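First the structure, in the form of structure tokens, and then the observations on it.
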There are 2 protein chains.
Amino acid sequence: MLSQTEENYLKALFHLTSETANKSETGTNELAAALNVKPATANDMLKKLKEKKLINYEKYGKVSLTAAGRRQAIEVVRKHRLWETFLYEKLQFSWDEVHEVAEQLEHIYSPKLIEQLEKFLGYPEFDPHGDVIPNAKGELKLQARKTLSQVMVGKSCKLVAVKDNSASFLQYVVKVGLGLSSKIKLISRQEFDGTTEIEVNGKKSMVSQKFADNIFVV
Amino acid sequence: MLSQTEENYLKALFHLTSETANKSETGTNELAAALNVKPATANDMLKKLKEKKLINYEKYGKVSLTAAGRRQAIEVVRKHRLWETFLYEKLQFSWDEVHEVAEQLEHIYSPKLIEQLEKFLGYPEFDPHGDVIPNAKGELKLQARKTLSQVMVGKSCKLVAVKDNSASFLQYVVKVGLGLSSKIKLISRQEFDGTTEIEVNGKKSMVSQKFADNIFVV
DNA sequence: TAGTTTTGTTAGACTACCCTAACTTTATAT
DNA sequence: ATATAAAGTTAGGGTAGTCTAACAAAACTA
């Protein structure tokens with residue numbers, strides 16, 4: 001069985017090399033930054049994970065998950081998203097509170113627990129942030145989605161997920177009047193810095209390029 | 001914040017020095033045995049916990065919890081029993097399956113989670129094994145109960161809790177036809193070894209002294 | 001292409017938790 | 001009351017995961 005730390009490294013690699021991130025491999029420093037450890041620390045773990053055949057890695061080269069590593073990572077993601085759904089749906093946690101606790105719960109080991117939790121929640125497809133929950137076989141359907149910054153001026157779209165799950169970002173999202181399934185109309189966009197004016201429920205707001213990059217819509 | 005390991009030591013001390021155990025202090029070897037570590041290991045931790053003022057301890061002396069240590073231990077026990085209740089009531093876990101998973105869940109840190117979980121469960125008073133769940137203030141009412149081995153021949157009683165929570169014991173209990181609230185009649189007891197004949201729902205069984213010592217009744 | 005910056009690696013050290021082996025103190029039993 | 005047994009402690013060592021400091025390789029840049 002993997003340690004919590006190993007699981008966290010695999011999960012970080014999964015997120016850094018996903019379709020969403022538009023990359024299939026990453027580097028030591030980037031991984032270290034994602035996990036809030038020093039590159040030297042990440043380097044040690046890379047050797048260990050390579051030894052366990054969970055990642056593809058050669059000295060001074062890029063890192064990617066093997067099939068086995070990806071399987072393990074997806075299992076952690078699955079647990080994370082099921083717990084988030086539980087916290088949100090059953091325990092009245094808010095959008096921005098679920099992530100932190102799910103970071104702990106995702107490491108609980110008990111196949112029966114996850115199986116039963118999923119059943120209890122009614123086999124949900126999406127977590128509270130709009131992300132797809134992988135099924136028990138580790139399959140996750142990819143969503144045809146783009147970022148708010150890719151939507152053209154004058155068009156309307158619907159919020160389906162957020163990229164960043166930090167509490168500060170989510171609180172900001174709520175403040176702008178946005179939630180899952182919110183309808184967003186693009187009023188205008190500044191060429192200069194990408195600042196975008198949007199309209200949500202008749203209320204207009206200005207949001208930054210960075211903000212728009214972190215909102216997924218269809 | 002305490003580590004999972006520290007929490008486990010405090011919890012073990014709580015159980016070893018409870019009313020149930022009829023003792024208010026314990027020794028290094030006993031503690032080590034309860035945690036499945038060597039005495040040398042427990043000794044290191046005792047020094048650490050004393051330093052944190054969570055236990056009363058002097059070299060070559062007995063160990064007991066301070067008020068602060070007891071508070072922490074009770075919080076862990078509270079979480080453990082609430083999770084057991086959740087698993088049993090909401091996720092269709094059986095009597096003998098809940099303990100192991102709760103051993104992991106009890107270390108999740110989130111005051112809101114426990115608060116909401118308790119509310120979700122309807123502020124239960126007892127866990128699936130019949131043990132009292134401490135309230136949010138850390139108060140736990142003690143139960144007027146005795147062991148089955150203390151009941152006199154010819155008398156009847158009701159099962160309110162089990163002492164041992166191991167899967168093997170609980171499966172044995174179920175096999176004899178017992179569960180929470182079962183009515184038990186004492187048919188006879190051997191002077192020689194304490195073997196007792198009981199009747200549950202019209203079915204007679206012979207149980208050992210050790211078995212009877214681990215059944216709490218009123 | 002040569003210098004500089006970025007990225008990645010190695011060496012050595014620290015903490016938490018665990019171990020074994022040797023030792024000391026306390027308790028028990030005749 | 002002393003020998004033996006039981007309980008408890010200390011010293012020294014191991015692994016996982018983290019760090020800093022120094023170094024090596026790769027990638028930029030001018």
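The chains referred to below are lettered A, B, ... by the order of the sequence lines, with proteins before strands, and numbering in each begins at 1. Every heavy atom of this structure was used, including side-chain atoms; hydrogens, water molecules and symmetry mates were not. The model shown is predicted, which means the values in this text are computed figures rather than measured ones.
The pair A:K38-A:D44 does not count as a salt bridge, with every side-chain nitrogen at least 4.0 angstrom from each carboxylate oxygen.
In this structure, A:K38 atom NZ and D:dA21 atom C1' are separated by 13 Å, rounded to whole Å. Remark: C1' of C:dA16 and CG of B:L2 are 14 Å apart, rounded to the nearest angstrom. To the nearest angstrom, C1' of D:dA7 lies 11 Å from OH of B:Y57. Rounded to a whole Å, the NZ atom of B:K62 is 10 Å from the C1' atom of D:dG8. Rounded to whole angstrom, the span from the OH atom of A:Y60 across to the P atom of C:dT9 amounts to 6 Å. In this structure, CG of A:L31 is placed 14 Å from P of C:dT7, rounded to the nearest angstrom. Taking atom CD of B:E30 as the reference point, atom C1' of D:dT9 lies 18 Å away to the nearest angstrom. Distance CG (B:D44) to P (D:dT9): 10 Å, rounded to an integer number of Å.
Ring centroids of A:F86 and A:F93 are separated by 6.0 Å or more, keeping the two rings apart.
Within a 6.0 Å radius of NZ in A:K23, other residues, nucleotides and ligands contribute more than 12 heavy atoms. Counting non-hydrogen atoms of other residues, nucleotides and ligands closer than 6.0 Å to CD of A:E100 gives a total of 12 or fewer. The neighbour count for A:K53 NZ, taken as heavy atoms of other residues, nucleotides or ligands under 6.0 Å away, does not exceed 12.
Contacts of A:A40 with the nucleic acid, taken as non-hydrogen atoms under 4.0 Å apart, include base atoms. B:T41 comes within contact range of at least one nucleobase, with a heavy-atom separation under 4.0 Å.
When the side-chain nitrogen and oxygen atoms of A:K47 are compared with OP1 and OP2 of C:dT9, none of them lie within a distance under 4.0 Å. Taking only side-chain nitrogens and oxygens, A:K59 never comes nearer than 4.0 Å to OP1 or OP2 of D:dA24. Side-chain N/O atoms of B:T28 include one lying less than 4.0 angstrom from OP1 or OP2 on D:dT9.
Relative to the side chain of A:Y9, the nucleotides D:dT18, C:dT9, C:dT7 differ in distance, and D:dT18 lies closest. With D:dT10, C:dT9, D:dA7 as the choices, the nucleotide that has an atom nearest any side-chain atom of A:N43 turns out to be C:dT9.
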